[in-house]
Amino acid sequence: MNIPNSQVSLLDTEWGATEFGARALRSLLGNYPTGVAIVATRTADGRNVGLTINSFASLSLEPPLVLWSLVNHSPNLAVFRDCEYFTISILGCDHQELALHFANPRVENKFQDISVQETPEGIPSIGGAIATLVCANHQQTYLGDHLLMIGQVKRIASIEGRPLVFHGGAFTALHNVQ
C-alpha cells in the first residue's frame, strides 16, 4: 500500500517527533476510533457508581479477560479498585446523551431516572446497552497516571444495535457498508 505524499509530512525529520506534550499525544490518539461504554459497580453501602469510558479493550479469550483504565485522581478510584464485580455496558449509537451524562462529574446521582438492570451479582448495568459484560475484579496495576483494571468476564448479554463511537473528539456511529 502506498502512502500519499500529503501524509508523508506527518513525519518529523527522520521518523516522527520525539518531543511532544500530553495534549499533542491526546490529539494524535483521537485519530483512533473507540467504542463507548459505561462501567458500573456498587459500593459496600449499596450506592451505584458509574462512569463513561472509551479505554475498554479485549485482553484474552482463554481465560476471558477485558481491560479498562481510570485516571489516578478520579474520585471513584477506590470504589473500582476495591470492588468485587463491575459491569461494562457497551453503548449504542443512540446513547450519546447517556454517555455525556455519565461523563459529567457534576452529576451527583448518575443513575437517577436511568434504566438500570441489576445483575445476579448485585451490580448495576445500563438498560438498553447493546452489550453487557459482568466482570470479576481480577487484577489492577498502576501504570503512568492511570489504574489499569483487568476484569474476568463471568456473564455476557447482548442485543442488536450499532455501537456509539468516539473519534476526533466527537461522538459518531459506524455507517453500513454494502
Side-chain angles (χ1 to χ4, degrees), residues 4 6-7 10 20-42 47-59 64-77 79-81 83 85-119 123-135 143-151 153 155-178:
S6 63
Q7 292 183 8
L10 293 175
F20 50 87
R23 184 168 287 299
L25 181 59
R26 182 182 180 118
S27 176
L28 180 127
L29 293 173
N31 289 309
Y32 185 70
T34 62
V36 182
I38 293 173
V39 63
T41 194
R42 184 166 287 147
R47 184 175 54 92
N48 291 341
V49 177
L51 49 99
T52 301
I53 61 170
N54 69 341
S55 61
F56 167 69
S58 171
L59 179 60
L65 301 173
V66 295
L67 61 85
W68 63 282
S69 64
L70 184 58
V71 67
N72 287 340
H73 61 73
S74 170
N76 298 309
L77 186 75
V79 172
F80 283 103
R81 182 194 62 218
C83 71
Y85 292 97
F86 56 83
T87 59
I88 297 174
S89 299
I90 299 171
L91 301 182
C93 61
D94 58 341
H95 291 140
Q96 180 176 333
E97 285 185 34
L98 190 59
L100 290 169
H101 176 79
F102 274 83
N104 187 342
R106 293 181 297 277
V107 175
E108 288 186 33
N109 182 358
K110 294 184 177 168
F111 290 87
Q112 185 174 349
D113 301 324
I114 300 296
S115 175
V116 176
Q117 297 175 329
E118 187 168 309
T119 70
I123 306 301
S125 68
I126 303 302
I130 62 170
T132 301
L133 300 94
V134 179
C135 302
L143 294 169
D145 60 0
H146 277 67
L147 176 66
L148 179 65
M149 301 281 300
I150 298 173
V153 181
R155 185 183 307 274
I156 60 173
S158 66
I159 61 174
E160 288 293 318
R162 293 184 327 166
L164 181 62
V165 175
F166 193 73
H167 177 253
F171 291 105
T172 187
L174 299 177
H175 300 285
N176 289 336
V177 180
Q178 299 199 9

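Here, residue 1 is the first one in the sequence, and each next residue gets the next number. The figures here come from the full heavy-atom set of this structure, side chains too, leaving out hydrogens, waters and symmetry mates. All values derive from a computational prediction rather than experimental measurement.
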For Arg155, all residues meeting salt bridge (Lys or Arg N to Asp or Glu O under 4.0 Å), sequence neighbours excluded: Glu121

Nearest heavy-atom neighbours spanning Val36 and Ala99: CG1-CB, 3.9 Å

Thr87 side chain vs Ser89 backbone, donor-acceptor pair below 3.5 Å: no

Least distance between heavy atoms, Phe102 atom then Lys110 atom: O-NZ, 3.1 Å

Minimal non-hydrogen separation, Tyr85 against Cys83, with atom names: O-SG, 3.4 Å

Between CD1 on residue Ile126 and CZ on residue Phe111, distance to nearest 0.5 Å: 5.0 Å

Distance, nearest 0.5 Å, that separates CD1 of Ile159 from CD1 of Ile90: 11.5 Å

Shortest non-hydrogen separation from Asn72 to His146 and the atoms involved: OD1-C, 3.2 Å

Distance, nearest 0.5 Å, that separates CE of Met149 from CG of Leu77: 8.5 Å

Residue pair Cys135 / Gly151: nearest heavy atoms and the distance that separates them: CB-CA, 4.0 Å

Minimum side-chain heavy-atom gap Phe80-Val49 below 4.5 Å: yes

Within-4.5 Å side-chain heavy-atom neighbours: Val39 and Leu70: no

Distance-minimising heavy-atom pair for Gly92 and Ile130: CA-CG2, 3.8 Å

Close side-chain approach of Ile38 and His95, heavy atoms under 4.5 Å: no

Enclosure of Ile156 CD1 (heavy-atom neighbours >12, cutoff 6.0 Å): no

From Leu164 atom CG to Leu98 atom CG, the distance as rounded to the nearest 0.5 Å: 9.5 Å

Nearest-0.5 Å distance that lies between atom OG1 in Thr52 and atom CG in Leu91: 7.0 Å

Side-chain (Thr172) to main-chain (Val165) donor-acceptor, under 3.5 angstrom: no

Beyond-backbone contact of Ile123 with Val134, side-chain heavy atoms, under 4.5 angstrom: no

Backbone N/O of Ala157 and side chain of Thr132: donor-acceptor pair under 3.5 Å: no

Value rounded to 0.5 Å, distance of CG in Asn54 from CZ in Phe166: 6.5 Å

N/O donor-acceptor pair under 3.5 Å between Ser69 side chain and Ser55 backbone: no

